[in-house]
Amino acid sequence: MSGINAEKQRVFAREVVSRLQKAGFDALWAGGCVRDQLVGRTPKDYDVATSATPDQVRQLFGRRRTLPIGASFGVITVLGPRGAGQIEVATFRSDAGYSDGRRPDAVTFSDACADAARRDFTINGLFFDPVTGKVVDFVGGRRDIEAKIVRAIGDARERIAEDKLRMLRAVRFAATLDFSLDPATQQAATELAADICVVSAERIAAEIERMLVDPHRVRALELLRETGLLVIVMPEAAPLVEDVRRWNATLAVLERLDDPSFGLALAALLRGVLSTAPVGDASEQPRRRRGGPTSPVEQLVDAVVTRWKLSNATSDRTRWLLENYATLAQARQLPWSRLQPLLTHEFAGELVGLSAAVLSAVDGDTTQTEYCRQKLALPADQLDPPALLNGGDLHRRAIPAGPAYRRLLQAVRDAQLDGVVTTKAEALELVDRLTDADTNNECNNAR
Ligand code: ATP
Ligand code: MG
């Protein structure tokens with residue numbers, strides 16, 4: 001959340017625990033925030049677990065400063081002062097039965113030990129008392145953090161069978177924390193990989209997104225491949241994971257991306273998938289036609305975007321990057337009027353990033369993308385000079401409005417970028433020549 005000050009957030013999280021304790025309840029920080037501080041990361045948010053019931057929590061902090069959004073699971077949101085964010089205060093609970101393979105059928109309030117046992121991995125099952133500074137560990141989480149292991153609490157197969165999302169969470173935590181995956185937990189995920197399909201598309205996509213934008217994305221992909229989860233969540237990747245050379249080349253590209261958006265990282269992965277596709281029919285059109293997707297890029301992007309219910313923004317970005325990155329491999333040989341529109345596009349930086357990653361992974365020669373980067377660094381008025389003409393100029397020339405405007409303005413823009421015309425007068429002369437040529441053609445055609 002924006003506008004949050006990490007120190008204020010932490011002070012408030014400590015205050016919430018201290019107030020609960022002073023009122024006679026057990027209260028501790030729980031889960032991710034404890035793990036994060038033990039591995040030396042600043043927690044994104046703080047969760048408090050307590051013996052107080054939701055009603056007692058609301059009574060203590062006041063109805064105006066609490067929200068009962070998750071009350072049926074025993075969770076009350078306590079609102080902090082400005083900059084301190086909000087804290088989720090959850091009553092200690094055990095989860096009973098998981099008949100849908102994803103969410104508990106019912107929760108019952110319990111104690112800290114049972115609350116630790118219902119959590120997914122030992123590293124996520126820790127508590128911390130911010131008043132005394134003591135870690136409370138019922139599940140061996142501290143030892144696993146020291147040993148850098150992601151291990152299911154209890155029987156790995158049972159725990160994954162009750163909530164299939166844990167397979168992706170296991171991979172994500174192992175990758176992003178740079179931990180190993182406990183062999184029993186990895187084996188359970190491998191055996192149950194096919195069941196990941198009971199998890200909603202949005203949750204799958206959210207996990208994959210967090211893995212792909214993380215600096216450890218290559219490790220995440222390796223684990224997704226080893227467990228077999230990748231080809232379940234993305235069946236199109238099946239030929240890629242079989243082809244060791246192309247798989248490694250794809251990882252080499254992903255490795256080289258610097259702080260990518262999800263759209264960019266996905267493009268890099270899908271580029272690998274496309275590299276294994278049979279060579280398309282030569283008659284296939286690279287551009288979209290009305291009435292449905294046509295090019296291999298579009299078909300692939302559409303399939304993944306639809307399955308994972310991705311946003312239009314991500315989908316547009318991924319598609320545009322895939323359609324254009326290869327062009328930059330000839331950047332220096334291209335007319336400026338061809339290259340410039342790519343380099344002034346909203347995603348130009350990521351396009352150069354993808355192309356550079358590919359070129360560097362393939363043969364290490366990035367002179368073409370270095371050239372692009374130099375161009376990107378030009379002052380705005382040089383990279384993207386104002387147009388010499390606009391529609392009004394054509395109108396004043398008594399050219400009838402219509403599709404010709406776009407074509408003429410584009411021709412003038414290309415000529416301007418390529419240095420063929422440099423002034424408005426020259427641009428207008430070019431328009432006259434082009435419209436004369438059109439008129440002659442029409443006369444010839446009419447004869
Ligand atoms: P992050 O927020 O960085 O993903 P986190 O550990 O805080 O990490 P959350 O999804 O915010 O993860 O969940 C908070 C805590 O709730 C976890 O640390 C874990 O103890 C528990 N938890 C979350 N999801 C599950 C799950 N699917 N099964 C069991 N316990 C879970
Ligand atoms: Mg969290």
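Whatever order the structure lists ligands and atoms in, that order sets their numbers, starting from 1. We use all heavy atoms of the structure for the numbers below, so side chains are in, but hydrogens, waters and symmetry mates are not.
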K.L.:
Is Arg119 salt-bridged to Asp115, cutoff N-O under 4.0 Å?
P.N.:
yes
K.L.:
What I want to find out is whether Asp120 reaches Arg166 closely enough, with some N-O distance under 4.0 Å, to be called a salt bridge.
P.N.:
no
K.L.:
Heavy-atom cut-off of under 4.0 Å around ligand 1: list whichever protein residues fall inside it, by chain and number.
P.N.:
Gly31, Gly32, Arg35, Lys44, Asp47, Arg118, Arg119, Asp120, Asn124, Asp163, Arg166, Arg169, Arg172, Phe173, Arg210
K.L.:
Any chance CG of Asp155 has more than 12 other-residue heavy atoms, nucleotides or ligands included, within less than 6.0 Å?
P.N.:
yes
K.L.:
Should the pair Arg58-Asp55 be classified as a salt bridge under the 4.0 Å nitrogen-to-oxygen rule?
P.N.:
no
K.L.:
Is the closest basic N to carboxylate O distance between Asp243 and Arg225 below 4.0 Å?
P.N.:
no
K.L.:
Could you give me the CA-CA distance, side-chain angles and deciding distance for Asp144 and Phe179, then say whether side-chain contact (heavy atoms from CB on, under 4.5 Å) is met?
P.N.:
CA-CA 9 Å; Asp144 282 343; Phe179 279 20; over 6 Å; no
